[in-house]
Structure formats: structure tokens, C-alpha cells
There are 2 protein chains.
Amino acid sequence: MREFMNITKALADENRVRALLALRKGELCVCQITELFGLAPSTISKHLSILFQAGLVESRKEGRWIYYQLPGKNAPVVVREALDWIQKALADNPQVLADNQQLKKILKQDPAELCQRQCKK
Amino acid sequence: MREFMNITKALADENRVRALLALRKGELCVCQITELFGLAPSTISKHLSILFQAGLVESRKEGRWIYYQLPGKNAPVVVREALDWIQKALADNPQVLADNQQLKKILKQDPAELCQRQCKK
DNA sequence: TTTACATTTCGCTGTATGGCGAAATAAAGA
DNA sequence: TCTTTATTTCGCCATACAGCGAAATGTAAA
């Protein structure tokens with residue numbers, strides 16, 4: 001039950017749901033998500049930590065960057081069904097579509113430059 | 001998005017999830033759920049109100065009693081899928097099984113007597 | 001080594017939420 | 001009508017949580 005509630009609590013925040021949907025396009029580093037949402041890096045980090053604890057994202061370290069991504073086929077059924085559920089419910093949501101557009105612009109930018117700008121703020 | 005977040009926030013409380021699973025057996029009045037969880041009637045009422053706002057339960061008034069039940073076939077897809085999800089995830093959960101046992105005992109009792117005891121507390 | 005930098009952790013603040021009991025509401029019964 | 005009673009609403013308290021900035025951590029570059 002604890003595990004399941006970790007998932008529902010993780011899904012009970014709009015920014016975390018938006019983050020999960022943004023990750024559909026592939027892995028993202030913290031500063032890319034930070035840029036997308038316009039929140040403080042520490043805030044984004046905390047959100048990702050909560051998603052990670054719930055098993056809703058995986059993480060991969062590459063040098064100084066940490067990339068987050070949606071879990072693979074080996075993820076628990078309850079997790080995959082949760083992700084399918086929000087995907088289906090919000091695929092054509094205006095906010096989510098806007099995030100997708102914004103994300104495209106972010107992905108065109110050099111991640112290194114992006115992160116530098118984030119850190120200077 | 002607001003609608004969807006109403007659902008995820010409603011599911012982010014363990015007692016509300018337990019209530020939804022208890023309702024699988026059929027409609028229940030407030031005092032029956034109160035008896036099941038051992039919380040104050042006002043607390044249960046608030047929880048049911050939140051589930052109702054999210055569209056996760058329907059209600060039916062019969063005299064002084066108000067019966068709550070899971071939504072029917074006409075419920076939005078996103079709601080039905082949410083209910084299927086938690087049902088599948090927690091069908092064999094110890095807490096949920098214990099609730100089922102307890103619920104059987106409660107359903108054997110006369111609702112009128114049950115409610116009277118609740119209100120005297 | 002030092003410095004730079006991406007991310008996390010920590011401490012704090014304001015707001016949201018679960019819990020209760022008391023009062024309000026609404027419907028049945030005396 | 002006047003009680004009784006099932007439920008809701010309201011006001012309160014304690015806790016949980018999202019947000020930030022500053023400090024800490026760990027890794028790469030100089």
C-alpha cells in the first residue's frame with residue numbers, strides 16, 4: 001500500500017505530471033526541465049526525486065549531468081499502467097501540447113549553454 | 001488539466017483509496033464508511049465530497065441517508081481507467097482484504113442501528 | 001591541485017490538507 | 001409543530017508539502 005500511495009502522491013502535483021509527459025520524448029537532464037518549467041533547480045530536483053522514489057522515472061549519470069527518463073519494460077505493471085493512464089488522459093491537453101512545443105525549442109539548444117544559464121540565475 | 005488533477009489529488013489519500021475499493025461491493029451510506037474507518041463522520045463526509053468533486057463516486061439520497069457508489073458506465077474514460085488501475089493494483093492488498101472482511105460484518109448489521117451508534121459518539 | 005559547474009541537500013516560509021468537534025442543514029417521526 | 005437524527009459545513013489545529021536561496025556534494029576542466 002505504501003508503494004501505491006507513493007505513486008498517487010507523486011501524481012498529485014501538476015508539475016510532476018507535466019514532467020512525466022515531457023519525458024515521453026526521451027531523457028532530459030535537470031536543467032532542461034528547469035528551463036521548461038521556469039522553477040528553481042532545487043525545486044525540480046526535489047520533484048524528480050519524488051518521481052524516482054515512486055518508481056515513475058529512472059536516472060542515469062553522465063559526467064556532471066544526470067539524465068532522467070521514463071522506466072523501461074521491466075518496470076512494475078502498476079507503474080506502467082499509471083504512465084499509460086496519464087498519457088491517455090492528457091495527450092491532447094493544451095498545457096501539455098504547449099510544453100511539447102517549448103521542449104522542442106529547448107532540445108535544439110546546446111545543453112551545456114543551457115545549464116550554464118540556469119546556474120547563473 | 002484541472003479535472004485530471006482533481007482525480008490524482010483525490011487518489012493521493014490512503015483513506016479515500018480504501019473507500020473507493022470498499023465501494024466495489026456496492027453502495028454504502030456515510031455511517032457505514034465511518035464505522036469501517038473509525039474516523040469522525042465529518043471527516044468521512046469531506047473525503048466523500050472530494051471523491052465526488054473528482055467524479056470518482058456518485059451519490060443518491062434516500063430519506064435521511066445518503067448513499068455513495070462508484071460511477072456507472074456513463075462515467076468518463078479517465079475515471080473508469082483510474083478505478084480499474086487502483087482495483088488492479090490493490091485487489092490483493094492486506095489492508096484492502098481486511099477492509100473487505102470488516103465490511104462484511106458491517107453490512108450484516110442494521111444500518112439504522114449503526115447510524116444511531118455513530119451519531120451518539 | 002585549484003576552479004568551475006550540475007545537481008542535491010538543507011533550512012526556511014507560506015500555503016494546502018487531514019483530522020476533530022460544534023453548529024448548521026435537511027428529512028423523518030412523535 | 002417540535003424532536004430526533006444523518007449528513008454537511010465551519011472553525012480550528014497540527015502536519016505535510018511546494019517553493020526558494022544558500023550551502024554541500026561530486027565531477028570535469030584548467
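Bear in mind the structure is a predicted one, so any value in this text is a computation, not a measurement. Within every chain, numbering begins at 1; the chains are lettered A, B, ... in the order of the sequence lines, protein sequences first and strands thereafter.
Using a 4.0 Å heavy-atom criterion, one finds that A:Ala12 contacts no nucleic acid atom at all. A:Leu39 comes within 4.0 angstrom of the backbone, heavy atoms only, and of no base. Nucleic acid contact class of A:Ile50 (heavy atoms, under 4.0 Å, all strands): sugar-phosphate only.
In this structure, B:Leu114 places its CG atom 14 Å from C1' of D:dT5, rounding to the nearest Å. Separating the CG atom of B:Asp13 from the C1' atom of D:dA16 is a distance of 12 Å, rounded to the nearest angstrom. As rounded to whole Å, 8 Å separates atom P of D:dA18 from atom NZ of B:Lys9. Following rounding to the nearest Å, B:Glu14 (CD) and C:dT17 (C1') show an atom-to-atom distance of 16 Å. A straight line from CE of B:Met5 to P of C:dA16 spans 14 Å, rounded to a whole angstrom. Remark: P of D:dT7 and OH of B:Tyr67 are 8 Å apart, rounded to the nearest angstrom. When rounded to the nearest whole Å, the span between CG of A:Leu48 and P of D:dG19 equals 12 Å. The distance from atom CH2 of A:Trp65 to atom P of C:dA4 is 16 Å, rounded to the nearest whole Å.
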| task | Go through the steps for B:Cys29 and B:Cys115 under the test disulfide bond (SG atoms under 2.5 Å apart), then give the verdict. | result | CA-CA 9 Å; B:Cys29 75; B:Cys115 287; 4.1 Å; no

| Checking side chain to side chain contact (heavy atoms under 4.5 Å, CB included) for the pair A:Arg18/A:Leu21: CA distance, chi angles, key distance, verdict? | CA-CA 5 Å; A:Arg18 285 171 63 198; A:Leu21 289 167; 5.8 Å; no

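In the set D:dT27, C:dT8, D:dC17, C:dT8 carries the atom at the smallest distance from any side-chain atom of A:Val30. The listed nucleotides are D:dA18, C:dC20, D:dT7; the one nearest the side chain of A:Arg16 is D:dA18.
Proximity of B:Arg64 to the phosphate of C:dT25: no side-chain N or O atom is located under 4.0 Å from OP1 or OP2. Close to C:dT8, at under 4.0 Å from its OP1 or OP2, lies a side-chain N or O of A:Ser45. A:His47 has a side-chain polar atom (N or O) that falls below the 4.0 Å cut-off from OP1 or OP2 of D:dG19. For A:Tyr68 and C:dA6, the shortest distance from a side-chain N or O to OP1 or OP2 is not below 4.0 Å.
Counting heavy-atom neighbours within 6.0 Å of B:Glu3 CD, excluding the residue itself, gives a total of 12 or less. Applying the 6.0 Å contact sphere to CZ of A:Phe52 captures no more than 12 heavy atoms from other residues, nucleotides or ligands.
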Identify each atom pair where a protein N or O and an N or O of nucleotides 10-12 of chain C are less than 3.5 Å apart, giving names and distance.
none

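Looking at B:Met1 and A:Val96, their side chains come closer than 4.5 Å, going by heavy atoms from C-beta outward.
Ring pair A:Trp85/B:Trp85 is parallel by interplanar angle, where below 30° counts as parallel and above 60° as perpendicular.
Nearest heavy atoms, A:Ala12 versus B:Ala12: CB-CB, 3.6 Å.
The pair B:Glu62-B:Arg60 meets the salt-bridge criterion, since a charged nitrogen lies less than 4.0 angstrom from a carboxylate oxygen.
Residues A:Asn15 and B:Cys31 both approach DNA chain D. Their nearest nucleotides, taken by heavy-atom distance, put B:Cys31 toward the 5′ side.
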